[in-house]
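In each ligand, atom 1 is the first atom listed, and ligand 1 is the first ligand listed.
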Amino acid sequence: MTVTVSATAAPTPPLAARAAAIGGSPVRDILAVTARPEVINFAGGLPAPELFDSAGIADAYAAVLRDQAQRALQYSTTEGEPVLRTAIAGRITARGLATGPDGLIVTTGSQQALSLLATALIEPGDTVLVEDPCYLAALQAFAFAGARVVPVPCDADGLDPAALDELVARERPKLLYTVATFQNPTGRTLPADRRAAVAEVAAQRGLWIVEDDPYGELRFEGSRVPWIAAHPGAADRAVLLGSFSKIMAPGMRLGWLRAPAALLRACAVAKQAADLHTPTVNQLAAARYLADRDLDAHVTRVAAAYRERRDAMLEGLPAALPEGSTWNRPEGGMFLWARLPDGCDTTALLPAAVAHDVAYVPGAPFYAGTPDPATVRLCFVTQTPEEIAEGLRRLGTALVNRPQAKH
Ligand code: PMP
């Protein structure tokens with residue numbers, strides 16, 4: 001058969017509606033624009049690379065490839081390597097939530113856990129409740145599943161349990177998604193009494209709770225607040241997500257999903273379709289690291305450095321932001337949330353900041369409800385205290401000449 005290529009080829013069929021409708025993350029777009037090395041970047045959520053335990057991780061990979069190469073380089077089970085599942089279960093149990101290795105699966109970052117949950121739980125048109133503002137890539141995962149995303153009113157402490165109760169009664173959602181500790185983007189932490197109230201709403205009204213906790217171990221001060229998943233009443237309806245990204249290294253793409261048995265099975269089936277399993281060599285290297293090294297001591301060192309960086313940001317903000325601005329003081333994590341005076345639009349101001357070689361993420365894209373254009377997310381962990389001070393000086397210069405507020 002001869003195939004002739006016609007000059008007027010018919011168009012290819014269109015993308016799926018969901019692919020056409022859901023845009024890329026504005027944070028990733030900003031990172032692309034600010035990739036110039038001279039830009040001091042408060043925009044990305046990047047852990048400090050110089051604090052990775054590169055030597056320890058290299059040793060763990062070398063040991064695995066020396067002692068277990070045939071296993072490490074082979075396909076593995078979808079649920080994850082037993083040695084790593086056992087180690088993760090032990091860490092969760094030690095933090096107050098009894099868990100066995102069969103109670104969790106290893107995921108390719110906790111981001112994959114969000115996609116698996118969306119596949120396993122959400123029918124197109126189902127309602128998902130989220131914090132407002134909310135972690136952006138979770139909004140994307142739910143949008144891809146066709147969810148109707150409804151924001152729950154929040155204040156400086158996070159979710160309002162009474163508002164949640166009303167919304168659950170009215171909207172009959174499938175699930176609530178929350179980052180209860182050192183939230184992305186705001187850095188805030190939901191207090192213990194509200195966690196109990198959220199668990200109670202879920203128990204009374206019938207609701208899955210997805211508690212995403214990649215930042216909880218990065219605490220600089222104050223004391224640990226128990227997981228929502230640890231409250232009585234939440235046991236058969238809480239999903240807990242964790243990750244080594246912020247405490248070991250994000251490039252290893254290792255997270256986990258702890259869920260009741262039937263949901264966990266459904267997520268494992270969804271994972272078969274997604275990637276068969278998380279890379280074996282990474283799982284075994286992490287397990288080896290956990291066996292040979294002291295991850296908690298490493299996390300303590302990282303948290304001490306991050307605390308200094310948060311303090312550097314808190315010190316520089318009063319001079320950098322216009323009078324009337326407000327911001328919070330997170331007790332851990334990677335992000336701080338600020339609000340410029342009424343009338344300021346941080347999206348419109350970003351080009352001026354980038355022209356002064358400093359970047360941030362405007363707060364607006366994080367809102368599932370009405371955005372507050374005056375808000376901004378600042379990541380305080382990627383630069384040294386000196387660089388943070390310099391970045392804030394540049395930001396101050398950029399904002400001093402900002403276009404005047406519209407009334
Ligand atoms: N959840 C939240 C709240 C996050 O901030 C992030 C990373 N920025 C993730 C999940 C995904 O992390 P990873 O896939 O690297 O575990």
Charged N-O contact under 4.0 Å between [X] and [Y]:
X: Glu331; Y: Arg219; result: yes
X: Glu50; Y: Arg309; result: yes
X: Arg205; Y: Glu166; result: no
X: Arg394; Y: Glu390; result: yes
X: Asp155; Y: Arg194; result: yes
X: Arg293; Y: Asp296; result: no

Compute the minimum heavy-atom distance from [X] to ligand 1 and say whether it is under 4.0 Å.
X: Phe244; result: no
X: Gln112; result: no
X: Gly45; result: no

[atom]: nearest protein contact (heavy atom, Å):
atom: atom 9 (C) of ligand 1; value: Tyr135 OH, 3.3 Å
atom: atom 12 (O) of ligand 1; value: Ser110 OG, 3.4 Å
atom: atom 5 (O) of ligand 1; value: Tyr215 OH, 2.5 Å
atom: atom 3 (C) of ligand 1; value: Asp212 OD2, 3.4 Å

> Going by the atom numbers of ligand 1, which of them fall below 4.0 Å from some non-hydrogen atom of Val179?
Replying inline: 3 (C)
>> We want to know whether Thr108 and Thr278 form a side-chain donor-acceptor pair, criterion being a heavy-atom distance below 3.5 angstrom.
In response: yes
> Is it the side chain, the backbone, both or neither of Arg253 that has a heavy atom closer than 4.0 Å to ligand 1?
Replying inline: side chain
> Side chain, backbone, both or neither: which part of Lys246 has a heavy atom under 4.0 Å from ligand 1?
Replying inline: side chain
>> Evaluate Ser243 for polar contact with ligand 1, using N/O atom pairs at a separation under 3.5 Å.
In response: yes
> Among Gly109, Ser245, Gly333, Pro250, which residue places a heavy atom closest to atom 15 (O) of ligand 1?
Replying inline: Ser245
> For Arg307 and Glu221, what are the C-alpha separation, side-chain angles and deciding distance, and is it a salt bridge (charged side-chain N to carboxylate O under 4.0 Å, His left out)?
Replying inline: CA-CA 9 Å; Arg307 179 196 188 118; Glu221 59 193 37; 3.2 Å; yes
